[in-house]
> 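Please see the structure below; I have some questions.
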Amino acid sequence: MRRTPLARHALPLAVALTLALAPATTTHATPSPVPPNPTTTGPGSLATPNPGPAGPAGPGTPNPGPASPGTAGPGTPNPGAPAPATAARAAEAAEDAGAELVARRAAETAAAAAHHTAGGQRHTAGGHRLDFRPCPDAEQLPEPVRCATLRVPLDYARPDGPQISLTVSRVTATGRGGAARQGSLVHNPGGPGASGMAFPLLADRPDWHRIAAVYDLVGYAPRGVGRSAPLSCQDPAARPKAPTQVPEQPSPAYKKERVAAAQAYARGCARRAGAALPYYTTLNNVRDLHVLRAALGEPRLTFVGGSYGTYLGAVYATLYPRYVRRMVFDSAVNPDPRRVWYHDNLDQAPGFERRWYDFRAWAARHHDAYRLGATPAAVAASHERVRAAVARTPAGGVVGTGELQAAALRVAYYDDVWPDHAAALSAFLRGDPGPLTALAGPAPDPAAAEAAAAEAENATAVYTAVLCNDAPWPADWETWDRDNTELARRAPFETWANAFLNLPCAYWPVPERQRPVDVGSRTAGLPPTLIVAAERDGATPYPGALELQRRLGGAAALVTEVGAGSHGVTGAGNACVDRHVERYLLTGATPGWRVTCAPHPEPAPVSLDDRAASTRGVPLPPVV
């Protein structure tokens with residue numbers, strides 16, 4: 001049985017790349033799914049937080065406040081923009097003070113509840129109960145996992161204004177072997193747009209038994225995701241239907257079409273989210289996490305973040321360093337403010353190109369099994385034959401070049417899908433389109449396909465809103481066209497698909513963007529942390545892990561899986577990595593400043609007769 005990386009142990013995240021690869025259709029306005037809030041600045045009477053280090057405190061003591069990250073106009077090309085205006089600083093100060101107020105209330109009520117119901121299932125948060133009960137059917141989470149909702153402000157500058165509900169899941173520490181409980185372990189799988197609600201299911205996995213013995217495993221769906229004040233930018237029924245056809249090299253006419261689609265998508269986000277749209281940000285995700293920590297009754301946060309979740313954790317560690325207990329950063333995003341997010345996305349293209357080569361080299365080594373070619377170039381030629389064929393006649397009537405590229409992107413993320421992808425290509429070239437249809441096509445059941453489309457639309461909306469709100473992006477198409485044209489000459493595999501996915505940020509309807517936090521600028525009191533990374537990861541290239549370690553300082557340890565590239569290292573089959581992560585979570589001990597682990601075994605080929613394609617429904621990863 002395949003071992004699933006921690007970053008993929010969530011309810012299926014279908015960030016369907018067909019959306020990025022095919023023009024979006026017309027969006028339809030519907031009422032905002034969250035309470036509208038026209039207020040974008042907080043009351044000026046709220047005091048500016050203390051810029052000094054956060055003081056040590058229990059769950060009922062407020063942090064003196066995070067440093068104000070600032071905002072920048074949407075047309076500013078450089079994320080390291082000049083200091084924001086005084087009004088923007090006042091707004092940020094109000095939001096920070098509001099977050100502290102809400103966290104303090106949550107901590108006080110959680111402490112009171114714990115005093116009266118020690119060992120029970122009930123906590124309260126900010127006057128709203130975090131009441132763990134059997135999970136709703138919609139979550140598909142069996143006992144002993146329990147679910148609750150956490151009420152947080154839409155706008156932290158108005159802590160008593162409109163509220164939204166975040167869904168939370170938990171399985172309590174098992175105490176196996178008489179182990180003493182250490183608290184709550186909170187997980188964010190990344191995205192942004194991924195749900196962590198399924199995280200508690202890891203308690204049943206043998207390799208998580210020791211961690212589950214001492215920790216309550218806590219998952220949650222961040223704001224906008226799933227049932228947490230769900231964000232939507234278009235009617236899921238209006239998304240492109242399979243098969244989709246995309247050009248290998250975009251023509252000027254196709255680029256013009258994609259610009260129009262990006263503009264329409266951005267307008268759809270504004271219409272459907274209304275005045276709530278500016279509040280889907282990393283900073284608010286961090287504030288929500290701060291409140292969740294307090295509502296769980298934890299004086300300090302123990303956290304595991306994957307992919308975008310590493311950036312979320314890094315910003316938390318910067319703004320609330322003395323509220324951190326332990327943090328694992330798995331597959332780190334480069335947190336340099338100058339790269340968030342436009343340049344971080346450009347940096348992915350060479351990484352994905354390397355991983356596409358790694359797959360082709362692996363398939364070439366197993367030419368006897370797949371007959372795709374004995375060299376990487378020959379395997380590429382076989383893939384191009386498949387592409388040309390589905391461009392003429394979609395496989396099974398549902399797999400065109402868009403679906404084929406989306407399946408290939410899975411290959412660039414996870415090497416455990418390599419055998420199935422190679423087998424599907426091989427079967428197709430032998431005249432059998434069935435495995436490729438099953439691998440890359442939509443679910444054959446209409447209800448399942450409809451649910452997947454809704455989930456994909458929601459995940460894409462949250463991804464887009466958070467990244468577009470978080471930082472300035474180039475506002476002129478000429479910059480995007482120039483940068484991606486040059487990049488595609490060196491790395492054609494995923495450059496344009498990624499560019500078109502993010503292009504709505506050029507036309508984003510929010511007047512002011514955040515200025516990215518200077519991660520690591522305030523780490524006084526931050527305890528040792530652990531970063532794990534694969535050396536050839538394409539989604540979060542390895543230099544990001546080095547940059548995160550540099551910024552977090554000497555107490556940050558880095559474990560590198562050398563020569564490997566699967567995205568999401570923890571739980572992905574490398575016993576060396578898993579030992580370091582387990583030891584750190586159980587004891588707080590790190591292995592040293594920088595240590596290495598040999599790569600996990602590469603996947604074995606499968607016989608076409610035994611298994612042509614067994615990975616039906618593998619979720620597409622978040623593109624961070």
Side-chain angles (χ1 to χ4, degrees), residues 8 12-25 190-191 193-194 236 239-248 250 254 258 261 265 307 345 348-349 351-353 355-356 359-360 380 383-384 386-391 394-418 420-425 428 433 435-444 448-449 451-460 463-464 491-503 538-539 566-567 613 615-624:
R8 294 166 68 188
L13 172 63
V15 183
L17 266 294
T18 50
L19 174 67
L21 297 166
T25 52
R239 289 170 60 84
K241 303 294 191 299
T244 57
Q245 302 291 359
V246 298
E248 191 167 11
Y254 184 77
R258 293 314 308 267
Y265 187 81
S307 196
N345 275 278
Q348 287 184 314
F352 283 137
E353 201 71 30
R355 290 303 285 163
W356 180 235
F359 163 72
R360 292 185 285 119
H383 182 268
E384 287 308 305
V386 175
R387 177 186 173 86
V390 300
V398 293
V399 176
T401 55
E403 289 73 28
L404 180 65
Q405 178 65 14
L409 183 59
R410 298 174 193 151
V411 164
Y413 269 85
Y414 309 120
D415 61 17
D416 64 351
V417 305
W418 289 1
D420 297 322
H421 192 83
L425 295 179
F428 183 88
L436 184 61
T437 301
L439 182 75
E455 186 177 20
E457 193 284 320
N458 171 241
T460 304
Y463 167 86
T464 305
F493 173 70
E494 185 62 14
T495 291
W496 282 111
N498 212 11
F500 294 141
L501 175 67
N502 294 296
L503 189 55
S566 279
H567 186 59
T615 323
R616 176 75 198 101
V618 170
L620 286 178
V623 183
V624 181

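Note that the coordinates shown come from a computational prediction; the quantities given were computed from them, not determined experimentally.
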> Between Q405 and E494, is a side-chain contact (heavy atoms from CB on, under 4.5 Å) present by the stated rule, with each step listed?
CA-CA 8 Å; Q405 178 65 14; E494 185 62 14; 2.9 Å; yes
> Is any side-chain heavy atom of E457 closer than 4.5 Å to one of R239?
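Heavy-atom side-chain distance check passes, below 4.5 Å.
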> Hey, what do you get for CZ (F359) to NE2 (H421), rounding to the nearest 0.5 Å?
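One finds 5.0 Å between CZ of F359 and NE2 of H421.
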> Hydrogens and angles aside, do N458 and Y463 bring a side-chain donor and acceptor to less than 3.5 Å of each other?
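No, no side-chain donor-acceptor pair sits under 3.5 Å.
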> Determine whether the aromatic ring centres of F500 and W496 lie less than 6.0 Å apart.
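They qualify: ring centres under 6.0 Å apart.
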> Work out which heavy atom in P243 is nearest to a heavy atom in G397; give both atom names and the distance.
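Minimum heavy-atom contact is CD-O, 3.3 Å.
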> Name the residue from F428, W356, F493 that meets the ring-ring contact (aromatic ring centres under 6.0 Å, His included) definition with H383.
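Of F428, W356, F493, ring-ring contact (aromatic ring centres under 6.0 Å, His included) with H383 is met by W356 alone.
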> Start with the C-alpha gap between K241 and V398, add the side-chain angles, then the distance that decides, and say whether side-chain contact (heavy atoms from CB on, under 4.5 Å) holds.
CA-CA 9 Å; K241 303 294 191 299; V398 293; over 6 Å; no
> Can you tell if the side chain of P492 reaches within under 4.5 Å of the side chain of E353, non-hydrogen atoms only?
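P492 reaches E353 side chain to side chain.
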> Of all the heavy-atom pairs spanning S307 and G190, show the shortest one and how long it is.
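Residues S307 and G190, closest heavy atoms: CB-CA, 4.5 Å.
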> Quick one: CG on L503 to OG1 on T464, what's the gap to the nearest 0.5 Å?
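That separation rounds to 10.5 Å.
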> Determine whether a donor-acceptor pair (N or O, by modelled atom type, separation under 3.5 Å) exists between the side chain of Q245 and the backbone of T401.
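Looks like yes, one N/O pair under 3.5 Å.
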> With rounding to the nearest 0.5 Å, note down the distance linking OG1 in T495 to CG in N345.
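Result: 11.0 Å between the selected atoms.
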> Let me confirm one number: the CG-CD distance from L439 to E403, rounded to the nearest 0.5 Å.
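Rounded to the nearest 0.5 Å, the CG-CD separation comes out at 11.5 Å.
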